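What you are looking at is a predicted structure, and each value in this text was computed from that prediction instead of being measured. Whatever order the structure lists them in is the order used to number ligands and atoms, beginning at 1.
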Amino acid sequence: MKLTFRWYGDSDPVTLQQIRQIPTMSGIVSAVYDVKPGGIWSEESINAIKSKALANGLEFEVVESVPVPEEIKYGGENAPALIENYCENIRRLGKAGVKCVCYNFMPVFDWLRSELEHSNEDGSNSLAFDEQTLLTMNPEAGDLSLPGWDESYTKAELNKLLDIYKSVDEEKLWENLTVFLKAVIPVAEQAGVNMAIHPDDPPWSIFGLPRIITGEKNLERFLSIVDSPANGLTFCTGSLGAGVDNDLVAMAARFAKRIHFLHLRNIKITGDKQFCEVGHPTECGSIDMYGIARALIDNGFDGYVRPDHGRMIWGETGRYGYGLYDRALGATYIAGLFEGIEKTKNS
Ligand code: DNO
């Protein structure tokens with residue numbers, strides 16, 4: 001495995017100099033942030049990220065995300081042209097040495113939380129989710145915002161989108177995803193890029209919008225649409241783990257070879273459709289981090305791994321979920337976990 005760390009570019013308060021000092025860190029996970037979803041990334045912008053990473057002893061082999069524009073997801077009339085742009089980005093990324101591209105197929109909203117600064121007993125704070133609280137918020141009034149999202153909409157754009165999606169149900173979304181995959185995966189194969197879809201977070205429908213990348217059955221359906229190694233998964237333990245029916249250890253074992261990117265984080269389930277983000281180790285939350293890592297390694301996983309959202313600790317402020325300190329602690333926990341398991345593989 002290769003340990004990586006998400007970096008939001010020059011505006012990120014976390015610097016490449018800091019990232020390189022985290023033990024065993026191999027590279028960054030980043031993206032071109034100044035092009036709207038659907039646009040083409042210039043080779044200069046892609047190579048600039050790579051040069052900055054290399055100048056700090058870090059690789060740039062993973063992109064998170066090349067966002068899929070809404071029109072592809074809802075199947076608008078410009079979808080074919082936008083898919084072609086998407087393919088061009090994959091070609092350019094492959095040419096620059098990128099080996100894995102993370103993306104999601106969640107309509108309108110990416111990850112959702114109801115609280116950004118949930119106070120924990122130890123004085124830290126973290127992101128939290130409570131469906132009841134979330135449903136009291138009105139997205140059309142602009143109540144929802146998450147600084148970690150790659151995209152944001154004006155109120156008018158948002159209302160228009162929510163309206164369009166009234167006629168897109170789960171099966172329609174599957175259909176549009178199929179069109180996307182059939183066009184993109186052959187290009188990714190050619191470009192030497194593994195595509196890695198991110199699960200929906202949380203893994204159920206919210207605000208009446210369809211969500212389909214949610215659990216074992218649907219992941220299996222997804223992988224069979226184009227049965228190629230280039231059509232793979234981002235296994236996000238915090239996202240899938242919020243679905244209490246998901247058996248993450250079994251899923252990790254089953255899909256290990258098609259998992260190209262692993263987002264490791266822990267959550268504590270605090271009620272029905274309610275959870276709080278916690279420190280990475282197993283004993284901090286509800287997710288069996290050891291069991292998942294063991295299942296992956298024993299079943300042939302050999303992809304990129306990154307610590308996911310951290311709490312805000314030691315007085316740090318910054319981008320919610322993406323501070324330095326707790327993610328760095330998570331990274332060293334992951335390095336230790338993997339070293340221990342790899343040394344006793346299949347024993
Ligand atoms: C949240 C992230 C997601 C992820 C996208 C992938 O912290 O894991 O925003 O980057 O869903 O496209």
Run the numbers on S239 and D200 for side-chain contact (heavy atoms from CB on, under 4.5 Å), then give the verdict. CA-CA 7 Å; S239 304; D200 302 346; over 6 Å; no

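- The hydrophobic cluster containing V98 does not contain V62, counting ILVMFWY residues as joined when their side-chain heavy atoms lie under 4.5 angstrom apart, directly or transitively.
- Within ligand 1, the atoms closer than 4.0 Å to a non-hydrogen atom of H309 are 1 (C), 7 (O), numbered from 1 in the order shown.
- For the atom pair CD (E220) and CZ (R254), the distance works out to 4.0 Å, reported to the nearest 0.5 Å.
- Every atom of ligand 1 is numbered from 1 in the order shown, and the set under 4.0 Å from a heavy atom of W111 is 1 (C), 3 (C), 7 (O), 9 (O).
- Counting only non-hydrogen atoms, the option in V63, D110, D200 that gets closest to atom 9 (O) of ligand 1 is D110.
- Distance OH/Y320 to CD/E115: 10.5 Å, rounded to 0.5 Å.
- Using a 4.0 Å heavy-atom cutoff, C102 is listed among the residues neighbouring ligand 1.
- Applying the 4.0 Å criterion to heavy atoms of M106 picks out, from ligand 1, the atoms 11 (O).
- Between F180 and F105, the ring planes are tilted. Angles from 30° to 60° get that label.
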Go through the steps to decide whether F207 and Y165 satisfy the test ring pair (Phe, Tyr, Trp, His ring centres under 6.0 Å), and finish with yes or no. CA-CA 11 Å; F207 299 124; Y165 273 105; over 10 Å; no

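- Using 4.0 Å as the threshold, R306 has a heavy atom nearer than that to some atom of ligand 1.
- You'll find the ring centres of Y103 and H198 outside the 6.0 Å limit.
- Taking every non-hydrogen atom of N104 and a distance limit under 4.0 Å, the qualifying atoms of ligand 1 come out as 5 (C), 6 (C), 11 (O), 12 (O).
- For ligand 1, the polar-atom distance check finds an N/O of H198 within less than 3.5 Å of one of the ligand's N/O atoms.
- Enclosure of atom CD in E77 is not indicated, since only 12 or fewer non-hydrogen atoms of other residues, nucleotides or ligands lie within 6.0 angstrom.
- Each of the following atoms of ligand 1 lies closer than 4.0 Å to a heavy atom of Y322: 1 (C), 2 (C), 7 (O), 8 (O).
- Remark: ligand 1 atoms within the under-4.0 Å shell around heavy atoms of R6 are 2 (C), 10 (O).
- Within the listing of ligand 1, atoms 12 (O) sit less than 4.0 angstrom from a heavy atom of Y103.
- Residue H263 has at least one heavy-atom neighbour below 4.0 Å for each of these atoms of ligand 1: 8 (O).
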